[in-house]
Number of protein chains: 2
Amino acid sequence: MPRNAFYAQSGGVTAVINVSAQGVIETARKHPDRIGKVYAGRNGIIGALTEDLIDTSRESDAAIAALRYTPSGAFGSCRHKLKGFDTNLAEYERLIEVFRAHDIGYFFYNGGGDSADTCLKVSQLGDKLGYPIQAIHVPKTMDNDLPLTDCCPGFGSVAKYTAVSIREAGYDVRSMAKTSTKVFILEVLGRHAGWTAAAGGLAADQPGDAPQVILFPEIVFDEAKFLAAVDAAVKAHGFCAIVASEGLRLEFLSEAGTKDAFGHAQLGGLAPLLAKLVGDKLKYKYHYAIADYLMRAARHIASKTDVEQSYAVGKSAVELALAGKSGVMVTIERQSDSPYVWTTGTAPLDKVANVEKKMPRDYITDDGFHITDKCRRYLSPLIQGEDYPPYANGVPQYVTLKNAAVPRKLKTAFELKK
Amino acid sequence: MPRNAFYAQSGGVTAVINVSAQGVIETARKHPDRIGKVYAGRNGIIGALTEDLIDTSRESDAAIAALRYTPSGAFGSCRHKLKGFDTNLAEYERLIEVFRAHDIGYFFYNGGGDSADTCLKVSQLGDKLGYPIQAIHVPKTMDNDLPLTDCCPGFGSVAKYTAVSIREAGYDVRSMAKTSTKVFILEVLGRHAGWTAAAGGLAADQPGDAPQVILFPEIVFDEAKFLAAVDAAVKAHGFCAIVASEGLRLEFLSEAGTKDAFGHAQLGGLAPLLAKLVGDKLKYKYHYAIADYLMRAARHIASKTDVEQSYAVGKSAVELALAGKSGVMVTIERQSDSPYVWTTGTAPLDKVANVEKKMPRDYITDDGFHITDKCRRYLSPLIQGEDYPPYANGVPQYVTLKNAAVPRKLKTAFELKK
């Protein structure tokens with residue numbers, strides 16, 4: 001009897017994480033002699049801990065194929081981090097209990113840095129706790145901050161969304177600047193690294209194109225220099241379009257300092273704070289947008305490259321498991337920039353877990369407000385190609401799976417640690 | 001010698017106002033015997049007043065065709081309202097001076113309600129000031145608030161953006177709700193009427209689909225009822241996705257009342273205020289997005305129906321002028337809902353100017369938080385069809401025209417009234 005597989009989605013979802021799920025499930029279905037059923041965790045690892053498993057074999061081939069076009073986590077995701085063996089042995093013992101009950105021999109974990117750490121620990125269950133399992137990490141994060149891979153599935157689509165959006169908004173503002181808005185700020189997601197904000201730079205083909213100013217969390221915010229850059233853009237081009245990384249928030253606020261500013265900021269976020277600064281100091285009319293989840297859910301404008309890579313890492317994870325591998329993350333290996341040629345590879349999970357890849361300084365111009373050609377060469381391939389979902393009645397047709405529960409076998413419940 | 005035409009873009013721009021420009025210019029080019037050149041106003045009517053005209057005959061057929069895919073106002077727009085003859089005769093006399101110098105016999109004005117008023121007054125220049133001109137209004141407003149037309153070009157694309165975005169964000173939030181965000185708020189543009197917010201309702205096919213709550217400016221905000229609706233959605237479906245019209249702002253704030261709330265609101269807008277309310281009172285984790293210009297510039301996801309209607313009103317305006325008409329707005333006439341059959345028609349400008357069409361009460365459910373089937377039948381056809389722009393290097397290829405200036409003929413400058 002072939003052993004079953006467990007697959008789960010962890011952390012913030014993306015426009016294409018379900019494409020990796022599709023890659024895992026479709027590839028597993030091609031090897032019924034080696035892999036039994038693919039059980040998905042309902043709400044990520046929580047589904048494993050609480051024995052809340054989804055039987056993906058109950059989904060039709062068409063439904064699984066439709067995952068290619070469906071943003072979000074089709075099986076539910078979670079923000080629940082497994083601690084180390086020493087501090088939380090009970091969680092690992094519970095995982096083994098559930099896995100043993102359902103004969104799980106393969107563990108595919110689809111997430112970012114924290115999830116890589118969890119996957120590493122699961123790969124050690126055989127040595128440490130005597131339960132043999134092959135654990136492969138399927139990378140996913142719109143933050144693009146995993147090491148040892150060319151890029152992270154999920155990022156290319158967010159990058160494309162950012163470039164498209166600031167190009168469009170830039171056209172809008174430019175055409176209105178004579179008598180109306182002169183400064184526009186787009187706040188984008190991205191916690192500690194400025195990759196997403198950097199991608200906005202791809203919208204600018206020539207001097208004067210939007211965005212004229214990009215604010216990276218890697219660069220300490222300097223109010224005077226920022227205002228000077230905005231003013232120079234308005235004077236030179238009639239308007240200024242700005243992409244600001246939300247990751248800037250903390251540093252910027254600690255500079256702003258006052259209790260009041262903190263209060264405002266908690267309520268309104270970064271963009272309105274920057275906008276008010278521009279309005280107060282430069283007296284320009286401004287507008288701002290906050291992309292938030294719109295950008296990481298925007299399957300309608302996903303990058304084809306990103307979609308293909310997301311599928312490839314899911315497929316490769318299963319193939320690696322079949323080849324006997326464990327304790328690795330699937331990587332994207334770049335072979336050339338243009339044309340962009342890539343393959344999948346692997347990296348050992350102990351080199352991946354808890355390492356955060358920030359923007360190299362030489363990807364950011366000396367003045368700190370734009371991307372360099374080197375950065376552009378890196379980023380540009382990742383947003384190439386369109387991969388439109390099917391539409392009906394004017395809106396994209398996304399699939400909602402049946403998500404039928406696997407009958408429980410254990411009598412014990414499990415209480416989650418916070 | 002055929003007389004020349006003047007075309008200008010007025011007010012807030014849209015994703016498809018340039019398609020109307022394309023319709024005007026391409027149609028005029030087919031009648032060189034009747035229409036000389038099409039001069040565009042640089043920055044709308046300001047271009048006429050300051051004799052800053054653009055010679056569209058210097059643009060290639062390919063460049064004009066590329067307007068179909070280019071959001072924003074290709075010739076620049078403005079927010080400058082012409083006052084009445086009595087209060088501002090000098091502006092009309094100046095218009096005539098410029099029009100006479102450049103032999104302008106046709107006036108095509110592409111805008112919303114205020115612009116209809118301006119167009120009406122220009123149509124009266126013959127009777128009142130002895131300068132014969134045919135003035136046709138080409139409707140455009142994402143607000144969809146012009147009377148006597150089925151809909152307003154520019155609205156369908158914003159409506160599609162809203163429906164697509166809240167569907168995508170709804171999938172995202174639903175998949176994360178177990179341990180993370182349970183309430184998501186999308187703030188959309190739309191000043192006094194809730195049409196844009198209503199369009200978000202098209203994303204919901206069945207009970208529990210996002211958005212569960214829509215906030216219309218037509219409905220007085222009731223904090224207790226709002227919180228109850230959000231709580232009910234979270235309890236029933238695990239999450240709540242909300243579309244909130246920025247038009248709600250004033251009424252909502254006057255309820256909030258305190259100086260502090262006002263200060264916050266000016267800084268952060270409506271969405272963070274609603275989010276804070278949800279967080280404080282219901283203790284649910286929230287996120288919010290503010291679409292702002294992203295939605296009205298989003299040519300990448302424009303409605304095909306909207307694109308076709310935008311072209312048709314431009315084309316029809318020229319044909320009406322050739323047929324001797326003046327003082328009218330081109331309208332969209334609906335002949336059936338499904339299939340959506342429409343033609344262009346006309347409405348007299350004195351019945352259009354300064355009339356604002358709000359959402360009928362029977363387009364909103366009794367509880368005030370969603371759209372009715374009647375509203376859905378009205379809205380649904382307007383977002384049908386996709387009309388993707390061409391892409392290169394992962395971003396849409398939008399055209400920037402040469403916008404060559406027409407040599408000035410007048411010696412006098414003109415100072416704009418504020």
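Residue numbers begin at 1 in each chain, while the letters A, B, ... track the order of the sequences. All values below come from the heavy atoms of this structure, side chains included, with hydrogens, waters and symmetry mates left out.
For chain A, no part of R42(B) is nearby; none of its heavy atoms comes within less than 4.5 Å. In this structure, the portions of N393(B) lying under 4.5 Å from any heavy atom of chain A include both its backbone and its side chain. Of the two parts of T400(A), the backbone and the side chain both hold a non-hydrogen atom closer than 4.5 Å to a non-hydrogen atom of chain B. Of the two parts of L186(B), only the side chain, counted from C-beta on, holds a non-hydrogen atom closer than 4.5 Å to a non-hydrogen atom of chain A. Contact annotation for N43(A): only side-chain heavy atoms (C-beta onward) come within less than 4.5 Å of a heavy atom of chain B. Contact of S165(A) with chain B is made through backbone and side chain together, with heavy-atom distances under 4.5 Å. Looking at E386(B), the atoms closer than 4.5 Å to chain A (heavy atoms on both sides) all sit in the side chain, from C-beta outward. For a residue to count as touching a neighbouring chain, one of its non-hydrogen atoms must lie under 4.5 Å from one of that chain's; by this rule I46(A) touches chain B with the side chain only.
The minimum heavy-atom distance linking G394(B) with V164(A) is given by the pair O-CG2, 4.2 Å.
Between the side chains of Y398(B) and E168(A), a donor-acceptor pair is found at a separation under 3.5 Å.
Distance check: F184(B) CZ to D292(A) CG gives 5.5 Å after rounding to the nearest 0.5 Å. Atom CG of residue L294(A) and atom CE of residue M295(B) lie 10.0 Å apart, to the nearest 0.5 angstrom. To the nearest 0.5 Å, atom CD1 of residue I290(A) and atom CD of residue E187(B) are 8.5 Å apart. In this structure, OG1 in T179(A) is found 14.5 Å from NZ in K81(B), a value given to the nearest 0.5 Å. For the atom pair CE (M176(A)) and OG (S77(B)), the distance works out to 4.5 Å, reported to the nearest 0.5 Å. The NE2 atom of H300(A) sits 3.0 Å away from the NE2 atom of H300(B) when rounded to the nearest 0.5 Å.
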Practice task
Please lay out, stage by stage, how C78(B) and K178(A) fare under the test side-chain contact (heavy atoms from CB on, under 4.5 Å).
Solution key: CA-CA 7 Å; C78(B) 71; K178(A) 173 82 177 174; 5.6 Å; no
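The side-chain heavy atoms of Y391(A) and K304(B), taken from C-beta on, include no pair separated by under 4.5 Å.
Judged by distance alone, with hydrogens and angles left aside, the side-chain atoms of R167(B) form no donor-acceptor pair with the main-chain N or O of V395(A) at under 3.5 Å.
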